[in-house]
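Structure, as structure tokens:
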Amino acid sequence: MRDLKLPDQRHPEKAHRPDQEQPKKPSWIRVKAPTSQGYKDTRDLLKEHKLVTVCEEAGCPNVGECWSQGHATMMIMGEICTRGCTFCNVATGKPSSLDAFEPGRVAHAVQKLGLNHVVITSVDRDDLEDGGADHFAQTIRAIRHRAPNTTIEILTPDFLKCDNRALEVVVEARPDVFNHNLETVPGLYPTVRPGARYFHSLRLLQRVKELDPSIFTKSGIMVGLGEDGQGVRQVMDDMRAADIDFLTIGQYLQPTSKHHRVDRFVTPEEFAAYEKAAWGKGFLMVSATPLTRSSYHAGEDFARLRDARLQKLGHA
């Protein structure tokens, strides 16, 4: 039985990698350990319903703040990923079979937490013919049934090894926001995201808009992996060419010494410059700060995103 608390068992594909020095975090990155009652209540509810969150599995620095407000990003289809991206702290290996009751448990937790907006993500499931597309659709429909007023944001895998029907199944379930992260600039894919393809991910998001223009599309990248400013701005242009509505940019943080090293800590001033550039390129919503993550403040940001579209349509 694997112990996922042990790095060499959690990431067997990284065990042979040399240790990478983990630089000391600057003051603008540090966060307080979670201690609030709201945090504990959310943790207990998730445990009661046997739900996995990316907040824990990926070691998100914002878990204390989000869980204290009852917000958690639920990770479906298990806690074992079939990919081994060098930046990611989610465990890698052979996943177990899908839990047919999971969509209902997720929906019940969403209802019990009283969420106005929920983010659902997953591990990569290259072992499944549809990559888990139908499981995503079932989860969306279950939430719609149990919590009809909750808006739904999904953060999906790339469905790289599936036919086009897989994406269509997810889109037909009508999430409010379809998020898929490009993660980094294309030149770093071989070392950062070796199992993925930059232009496939970009085309995936473009196809969502072609299938259903009413669905908001969203994508994010990390900085501090070794990219330069020109590369980041080119990714922005590529995203806008694919009609992506919402861009997130956050600082990469190294989970363990076996993961991809932090090239540098990008300053808050540089993040502000990226944000200004992104607004200038026409995104409806931009979040670019050191602690920005895909689902950080997702509910508030969705409200702004919806207002921005209405304002744009009003001026059209």
Side-chain angles (χ1 to χ4, degrees), residues 51 54 71-77 98-125 128-160 162-181 201-220 239 242-248 283-285 294-295 297-313:
L51 297 173
V54 76
H71 299 159
T73 299
M74 298 178 201
M75 191 168 78
I76 59 176
M77 299 194 283
L98 292 179
D99 178 356
F101 297 101
E102 183 176 53
R105 291 203 312 274
V106 170
H108 184 62
V110 169
Q111 180 188 42
K112 201 163 181 180
L113 285 166
L115 299 182
N116 294 319
H117 184 83
V118 64
V119 182
I120 306 295
T121 189
S122 79
V123 291
D124 273 286
R125 290 299 301 258
L128 302 174
E129 187 175 351
D130 71 346
D134 186 61
H135 202 75
F136 260 105
Q138 289 182 38
T139 303
I140 294 167
R141 289 192 293 266
I143 295 169
R144 293 274 185 238
H145 177 71
R146 294 295 294 264
N149 295 322
T150 301
T151 50
I152 301 171
E153 179 173 330
I154 57 171
L155 173 55
T156 76
D158 58 14
F159 303 115
L160 180 63
C162 311
D163 63 28
N164 289 338
R165 179 61 187 152
L167 179 63
E168 293 167 10
V169 165
V170 180
V171 172
E172 286 168 3
R174 302 287 311 275
D176 297 283
V177 181
F178 190 110
N179 184 3
H180 172 66
N181 286 330
S201 287
L202 202 60
R203 176 63 183 144
L204 183 86
L205 289 155
Q206 186 178 42
R207 283 194 61 234
V208 171
K209 264 296 198 290
E210 292 170 356
L211 292 166
D212 189 340
S214 71
I215 296 176
F216 291 103
T217 50
K218 178 177 176 180
S219 190
M239 286 187 183
D243 202 18
I244 292 168
D245 298 304
F246 187 170
L247 166 67
T248 62
F283 288 96
L284 288 180
M285 184 66 201
S294 293
S295 54
H297 293 165
E300 297 94 322
D301 287 345
F302 174 73
R304 296 188 188 100
L305 184 63
R306 190 165 45 189
D307 290 345
R309 174 185 278 177
L310 292 173
Q311 186 175 13
K312 184 178 180 181
L313 291 173

For this session: Test side-chain contact (heavy atoms from CB on, under 4.5 Å) on V110 and M74 and set out the steps.
Result: CA-CA 10 Å; V110 169; M74 298 178 201; 4.0 Å; yes
For this session: Work out which heavy atom in C162 is nearest to a heavy atom in G131; give both atom names and the distance.
Result: SG-N, 3.4 Å
Problem set entry | Heavy-atom pair of closest approach, residues D130 and F159 | O-CD2, 3.7 Å
Seminar exercise, completed: Value for CG (L205) from CG (D158), rounded to nearest 0.5 Å, stands at 10.5 Å
For this session: Determine whether D243 and T217 make a side-chain contact, defined as any pair of heavy atoms from C-beta on separated by less than 4.5 Å.
Result: no
For this session: Show the numbers, then the answer: is there a side-chain contact (heavy atoms from CB on, under 4.5 Å) between Q206 and R203?
Result: CA-CA 5 Å; Q206 186 178 42; R203 176 63 183 144; 2.9 Å; yes
For this session: Would you tell me whether Q138 and R141 have side-chain atoms, one donor and one acceptor, within less than 3.5 Å of each other?
Result: no
Exercise. Taking T139 for the side chain and A107 for the main chain, is one N or O donor matched with an acceptor at less than 3.5 Å?
Worked result: no
For this session: Compare all side-chain heavy atoms of H180 with those of V208 and state whether any distance is below 4.5 angstrom.
Result: no
For this session: Of all the heavy-atom pairs spanning T150 and D176, show the shortest one and how long it is.
Result: O-OD2, 4.5 Å
Exercise. Is the closest side-chain heavy-atom distance between N179 and F246 below 4.5 Å?
Worked result: no
Problem set entry | Pairing residues for R146 by the salt bridge (charged side-chain N to carboxylate O under 4.0 Å, His left out) criterion, not counting sequence neighbours | none
Exercise. Which pair of heavy atoms, one from A173 and one from I140, lies closest together, and at what distance?
Worked result: O-CG2, 3.3 Å
Exercise. Given side chains that start at C-beta, do those of D245 and K218 come closer than 4.5 Å, heavy atoms only?
Worked result: no
For this session: Please work out which of the three classes, parallel, tilted or perpendicular, describes the rings of F302 and F216, given edges at 30° and 60°.
Result: perpendicular
For this session: Measure the shortest side-chain to side-chain distance between N181 and S294 over non-hydrogen atoms and say whether it is less than 4.5 angstrom.
Result: yes
Exercise. If you round to the nearest 0.5 Å, how far is CD of Q111 from CD1 of I143?
Worked result: 11.5 Å
Exercise. Run the side-chain contact (heavy atoms from CB on, under 4.5 Å) check on I76 and L98 step by step: do they pass?
Worked result: CA-CA 9 Å; I76 59 176; L98 292 179; over 6 Å; no
Exercise. Listed by chain and number, what are the side chain to side chain donor-acceptor pair (under 3.5 Å) partners of R174, not counting sequence neighbours?
Worked result: D212, S214
Problem set entry | Salt bridge flag under 4.0 Å for residues E172 and R165 | yes
Exercise. Is any side-chain heavy atom of L167 closer than 4.5 Å to a side-chain heavy atom of L211?
Worked result: yes
Problem set entry | Close side-chain approach of M75 to V123, heavy-atom, < 4.5 Å | yes
Exercise. Is R304 salt-bridged to D307, going by a charged N under 4.0 Å from an acidic O?
Worked result: no
Exercise. Are the side chains of R207 and E210 in touch, meaning some heavy atoms are under 4.5 Å apart?
Worked result: yes
For this session: Taking all non-hydrogen atoms of both residues into account, name the closest pair between A142 and G104 and its distance.
Result: CB-N, 4.4 Å
For this session: Could you tell me which residues satisfy salt bridge (charged side-chain N to carboxylate O under 4.0 Å, His left out) with D99, sequence neighbours excluded, listed by chain and number?
Result: R105
For this session: Look up atom CZ in R309 and atom CE in M285, then write down how far apart they are to the nearest 0.5 Å.
Result: 14.5 Å
Seminar exercise, completed: For T156 and F136 the tightest heavy-atom approach is CA-CZ, 4.0 Å
